[in-house]
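By convention in this document, chain letters (A, B, ...) are assigned in the order of the sequence lines, proteins followed by strands, and residues within each chain are numbered from 1.
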Amino acid sequence: MSNVFDVLLERGFIEQTTHESEIRELLAKEKTTFYIGFDPTADSLTAGHFLTIMAMIHMQKAGHRPIALVGGGTGMIGDPTDKTDMRKMMTVEQIQHNVSGMQKQLSQYLEFAEDKAVMVNNADWLTKLNYIELLREVGIHFSVNRMLTAECYKSRYEKGLTFLEFNYMIMQSYDFLELNNRYNCVLQLGGNDQWSNILGGVELIRRMNSKPAFGMTLTLLTTSEGQKMGKTVSGAVWLDPNRTSPYEFYQYWRNVEDSNVERCLGLLTFLPMEEVRRLGALAGAEINTAKAVLAYEITKIVHGETAANEAQAAAKALFAGGVDSGSIPTTELSQSELGDGIDLITLLHTVGLIQTRSEGRRLIQQGGIYLDGTQISEFDYVVTKKDFGDKAELLIRKGKKVFQRVELS
RNA sequence: GGAGGGAUUCCCGAGUUGGCCAAAGGGGGCAGACUGUAAAUCUGCUAGCUACGCUUUCAGAGGUUCGAAUCCUCUUCCCUCCA
């Protein structure tokens, strides 16, 4: 089997390493225990986390042992990295809820049986720390001067950085030390924004345990404008199907920009690299084929084959002008709600396509609403039973690619 | 604790000799055109509503005035310098 380091490199995962040749050698010759931490900021992981999960899966497949750490302890502090403002403090209950939600999801993607992977919560040790003891043992190894030069704190100079958050790096470094002691964990992976936090841990282990330790950061997916991928205006793209439906999830990847298709295929699917390169090289409208493959493959990994098939079928039906399929977002409307007719704006509001009636009025006036493919131009249009036709359903289209089906019940 | 500066619509940021301010400009978002469910570009929209008008907005609470984002008082929060 080829070295997983080369696999990760070829697929585009690796951004920075602390000791490239040593890491490569290590991964080639022995079963290595490594860890990635997840902050419990919500009860579901997001598309952004998925990239790091893929890295873990590749590593596990190559025979190494992943430790999935969920930060029930560090979550009490909050990582100041890339935050322009201080994050609001979460309650302990909230954190615990989020930790269990994330752990549940992580267990779907990694194989935990027979000690093939380990799940930990750093609250188990961080909450028991003794302040003075910690300062004497660990604090002595950190230079504030150096910490202040870390990139992740720079953006906070203007807005302010609390001592609470300043300690985040130390806590994360301590985690690595603890995992090194408990599980002989010698490698930490993380998003590239975690570089300074990872370095802290690597150096701490080298100083306190006089043992080698390594760090490696993974690329961050960004759009051509430099925005982090995996975010939409309405929020993150979640892995939890109740937060982001498989259809929406599929559509998100179906719509990635051309220039990101090849990267995404390498990072977020298991397709062989020859195939990735072939698909990525498709030009012009042809690349849509590649996007469909990307969307299908990643949906399959995250939500399973059935959901992926459904999402794909729904997308095909809607965009190729075909007809029904099960997983188009659907709302039920009762006969009594319909009555003798319901004005279109109210209907749009009921099914959640608009937030305010003004928005609906604008939308219709600008020609953004279609009922069963027919553009509606009067904002006071009244929808009656007739619009639902024989099948008692109505397909509303907002703009080019937002669809909502209404079923009369 | 002392001195000064600030808080504006989703974000950034104009506006502070009181009316012409639902509030410039940019960003973002939405829609339209062009396209390939892409990017770029162009156009329009972007507080709410029972909509040629009406109602609620410019940190919060009062006040002056025919009329306040703009003036006065108090409060809260933030920043800078000093200690």
Side-chain angles (χ1 to χ4, degrees), chain A residues 82-89 155-162 165 221-237 245-265 279-296 298-299 308 311-322 325 327-329 342-346 348-349 351-371 373-382 395-404:
Chain A
D82 282 339
K83 296 285 176 305
T84 39
D85 295 304
M86 184 170 159
R87 187 188 290 160
K88 60 174 187 286
M89 287 238 243
S155 59
R156 294 298 297 276
Y157 288 170
E158 286 217 356
K159 290 276 181 179
L161 176 70
T162 59
E165 295 171 287
L221 272 176
T222 54
T223 65
S224 56
E225 275 135 32
Q227 299 290 315
K228 267 193 194 178
M229 273 188 75
K231 292 236 165 98
T232 65
V233 209
S234 38
V237 174
S245 73
Y247 171 76
E248 289 173 274
F249 187 83
Y250 179 95
Q251 280 300 133
Y252 180 82
W253 300 106
R254 175 63 187 74
N255 283 306
V256 298
E257 48 197 43
D258 289 8
S259 55
N260 260 329
V261 173
E262 187 166 332
R263 287 194 73 206
C264 286
L265 282 166
L279 289 167
L282 293 174
E286 289 287 293
I287 200 159
N288 279 318
T289 325
K291 293 187 191 181
V293 172
L294 169 68
Y296 179 78
I298 179 170
T299 307
Q312 189 177 49
K316 271 188 185 156
L318 291 171
F319 288 97
S325 163
S327 54
I328 300 167
I342 182 172
D343 73 285
L344 182 53
I345 294 182
T346 305
L348 293 174
H349 187 73
V351 302
L353 284 172
I354 54 171
Q355 299 302 312
T356 67
R357 301 183 64 82
S358 298
E359 185 186 338
R361 177 184 285 240
R362 279 194 294 274
L363 198 53
I364 296 169
Q365 283 173 339
Q366 290 178 134
I369 290 293
Y370 299 77
L371 294 182
T374 312
Q375 192 175 49
I376 304 298
S377 47
E378 314 84 51
F379 65 80
D380 51 0
Y381 184 87
V382 175
L395 185 67
I396 305 176
R397 187 179 120 206
K398 175 189 161 205
K400 278 179 223 168
K401 40 193 176 190
V402 181
F403 294 87
Q404 184 82 27

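To the nearest whole angstrom, the two P atoms, one in B:rG60 and one in B:rU76, are 15 Å apart. Distance check on atom C1': B:rG63 versus B:rG18 gives 15 Å, rounded to whole Å. Using atom P as the reference point in both B:rG4 and B:rG27, the two lie 39 Å apart (nearest Å). Only the C1' atoms considered, B:rU37 is 29 Å distant from B:rG26, to the nearest whole Å. B:rA33 and B:rA51 have their C1' atoms separated by 28 Å, with the value rounded to a whole Å. Only the C1' atoms considered, B:rU80 is 45 Å distant from B:rU43, to the nearest whole Å. Atom name C1', nucleotides B:rG6 and B:rC58: the rounded distance is 14 Å, in whole Å. One C1' atom belongs to B:rU64, the other to B:rU55, and the distance between them is 25 Å to the nearest Å.
Closest approach to the A:K400 side chain among B:rA38, B:rU35, B:rC49 is made by B:rU35 (side chain taken as heavy atoms from C-beta onward). Which of B:rA38, B:rU37, B:rG48 sits closest to the side chain of A:R362 comes down to B:rG48. Residue A:L363 has its side chain nearest to B:rC30 when only B:rC30, B:rA38, B:rC49 are considered. Checking B:rA38, B:rG36, B:rC45 against every side-chain atom of A:I287, the shortest atom distance belongs to B:rG36. Of the candidates B:rG36, B:rU37, B:rA51, B:rA51 carries the atom nearest the A:R361 side chain, counting heavy atoms from C-beta on. For A:K398, the listed nucleotide lying nearest its side chain is B:rA31; candidates were B:rG36, B:rG32, B:rA31.
Exactly one residue among A:L371, A:I369, A:I364, A:I345 makes a side-chain contact (heavy atoms from CB on, under 4.5 Å) with A:Y381. That residue is A:L371.
Protein atom CZ of A:R357 is 22 Å distant from nucleotide atom P of B:rC30, rounded to whole Å. A:L294 has its CG atom 17 Å from the P atom of B:rU37, to the nearest Å. Residue A:K401 contributes atom NZ, which lies 5 Å from atom C1' of B:rU37 at whole-angstrom precision. Put simply, CD on A:Q355 is 16 Å from C1' on B:rC49, counting in whole angstrom units. Atom CD1 in A:I369 sits about 14 Å away from atom P in B:rC30, given to the nearest Å. To the nearest angstrom, P of B:rA51 lies 12 Å from CD of A:Q365. The CZ-P distance, from A:R397 to B:rU37, rounds to 11 Å in whole Å. Here the P atom of nucleotide B:rC49 and the NE2 atom of A:H349 are 8 Å apart, to the nearest Å.
One N or O donor and one acceptor, one from the side chain of A:Q366 and one from the base of B:rG44, sit under 3.5 Å apart.
For B:rC52, the glycosidic angle deviates from 0 by 90° or less, giving a syn base.
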*In sequence, state the C-alpha distance, the side-chain angles, and the governing distance for A:L395 and A:Y370, and then conclude on side chain to side chain contact (heavy atoms under 4.5 Å, CB included).*
CA-CA 8 Å; A:L395 185 67; A:Y370 299 77; over 6 Å; no

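We find that A:K291 and A:D258 are joined by a salt bridge, their nearest charged nitrogen and carboxylate oxygen being less than 4.0 Å apart.
Using the Watson-Crick or G-U wobble rule with both distances under 3.5 Å, B:rU64 pairs with nothing in any strand shown. If you check B:rC77 for Watson-Crick or wobble pairing at under 3.5 angstrom, you find it paired to B:rG6. With a 3.5 Å ceiling on both atom-pair distances, the Watson-Crick or G-U wobble partner of B:rG1 is B:rC82. The base-pairing partner of B:rC52, taking Watson-Crick or G-U wobble contacts with both distances under 3.5 Å, does not exist among the strands shown. Nucleotide B:rC58 has no partner under the Watson-Crick or G-U criteria, as no pair reaches both atom distances under 3.5 Å. Of all nucleotides present, none satisfies the Watson-Crick or G-U wobble test against B:rA69 with each distance under 3.5 Å. Pairing of B:rU17, defined by two Watson-Crick or G-U wobble distances under 3.5 Å, is not identified with any nucleotide. As the counterpart of B:rC42, B:rG32 is assigned, both hydrogen-bonding distances of the Watson-Crick or G-U wobble pattern falling under 3.5 Å.
Within the 4.5 Å cutoff, no side-chain heavy atoms of A:E248 are placed close to those of A:Q251. Counting heavy atoms from C-beta outward, A:N255 and A:K401 have side chains that approach closer than 4.5 Å. Contact of the A:L353 side chain with the A:V402 side chain is registered, since non-hydrogen atoms from C-beta on lie closer than 4.5 Å.
With 3.5 Å as the limit, one finds a donor-acceptor pair spanning the side chains of A:T346 and A:R357.
Residue A:R254 is the one, among A:E359 and A:R254, whose nearest nucleotide of RNA chain B lies closer to the 5' end (criterion: closest heavy atom). The residue among A:Q251 and A:G368 whose nearest nucleotide of RNA chain B is located toward the 5' end is A:G368.
Other residues, nucleotides and ligands contribute only 12 or fewer heavy atoms inside 6.0 Å of the CD atom of A:Q355.
Contacts of A:S358 with the nucleic acid, taken as non-hydrogen atoms under 4.0 Å apart, include base atoms.
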